[in-house]
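Shown next, in structure tokens, is the structure this report addresses.
First listed ligand is number 1; within each ligand, the first listed atom is number 1.
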Amino acid sequence: MAANSLLLLLSLSLTVFFIPTSLAADADPLQDFCVADLHSPVAVNGFPCKRNTTVVPDDFFSSAISVAGNTNNMFGSSVTPANVLTFAGLNTLGLSMNRVDIAHGGVNPPHIHPRATELGFVVKGKVLVGFVTTAGVFYSKVLGPGMNFIIPRGLMHFELNVGEGEALEITAFNSQLPGTVVSSVTLFGSKPPIPDAVLSRTFQVDDKIIDLIKSKFGN
Ligand code: GLV
Ligand code: MN
């Protein structure tokens, strides 16, 4: 067989074998379920499974997001997760949900999920949803009840309540633990703090302004 045909065959088989796994945010499970043993001293990618003999029906049912979160905070919003940490039955299954309550005028501030794409559903209220691509393009829209939005994995996004009352969204992720990096909290509230010199140069303002912002985030 000519070298070119061999190369083509090789690249086709690589595509067939590697695309399905590389598209999944979390690895595929190798068993029906693996209810997380959150207290195991063993550290693995995810959590070890509880023994099947100790699995109970309640491992597969949850009220983690049944109650509205407290939005009485600096952002006027609250994110309540149903992820592997609050719903152990999700372990190894590659998905999770959030409940996002946003008070009148509140914001779920700019953040990213390093391990998942987000699919959102607006249950109540009116929200401006936006994200920015790696090319710096901002996509946004005001959504009402019944509408969906998608935030591609790892992109910076937010939701601002622009309605007259409270807003409620349910969001779903293709990861049991998508992770959340809130830009303001990460940059200005880390422990220990990021040096002023880094932030003042980054944001092109003087240290006083950096210190003022840091003070709002506990630094
Ligand atoms: C919304 O952006 C969420 O992370 O649930
Ligand atoms: Mn999000």
For the Mn ion (ligand 2), the nearest N/O/S atom on His157 is atom NE2
Distance alone, cut at 3.5 Å: any donor-acceptor contact between the side chains of Thr71 and Asp101?
no
Numbered in order shown, the ligand 1 atoms found under 4.0 Å of a heavy atom of Glu159 are 1 (C), 2 (O)
Exercise. Indicate whether the side chain of Thr180 and that of His113 have a donor and an acceptor atom separated by less than 3.5 Å.
Key: yes
re atom 5 (O) of ligand 1, the protein heavy-atom contact at minimum distance is Thr171 OG1, 2.7 Å
Next on the checklist: Check for me whether Phe173 has a heavy atom closer than 4.0 Å to any atom of ligand 1.
Outcome noted: yes
N, O or S atom of Glu118 closer to the Mn ion (ligand 2) than 2.8 Å = yes
Here the atoms of ligand 1 under 4.0 Å from any heavy atom belonging to Asn108 are 1 (C), 2 (O), 3 (C)
query: If you draw a 6.0 Å radius around CG in Asp206, do more than 12 non-hydrogen atoms from other residues or ligands fall strictly inside?
result: yes
Can a salt bridge be assigned to the pair Arg115 and Asp26 using a cut-off of 4.0 Å between side-chain N and carboxylate O?
no
Nearest heavy-atom contact between Ala64 and Thr86 is CB-OG1, 4.0 Å
Note to self: Are more than 12 heavy atoms, taken from residues, nucleotides or ligands other than Leu212, located less than 6.0 Å from that residue's CG atom?
What the structure shows: yes
Of Met97, Arg99, Glu118, the one whose closest heavy atom lies nearest atom 3 (C) of ligand 1 is Glu118
Quick note on ligand 1: atoms under 4.0 Å from a heavy atom of His157 include exactly 2 (O)
Answer with yes or no whether the side chains of Glu166 and His104 bring together a donor and an acceptor at under 3.5 Å. no
Of all protein heavy atoms, the one nearest atom 4 (O) of ligand 1 is His113 NE2, 2.8 Å
Under 4.0 Å between heavy atoms, the region of Thr180 that gets near ligand 1 turns out to be neither
Near Asn98 (heavy-atom distance under 4.0 Å), the atoms of ligand 1 are 3 (C), 4 (O), 5 (O)
In His111, the N/O/S atom nearest the Mn ion (ligand 2) carries the name NE2
Heavy atoms of Ser190 and Pro192 approach each other most closely as OG-O, 3.0 Å
- Query: Would you say the side-chain atoms of Asn219 and Lys191 include a donor-acceptor pair closer than 3.5 Å?
  - Reply: yes
Checking heavy atoms under 4.0 Å, the part of Phe149 that sits near ligand 1 is neither
If we number the atoms of ligand 1 from 1 as shown, the ones under 4.0 Å from a heavy atom of His111 are 1 (C), 2 (O), 3 (C), 4 (O)
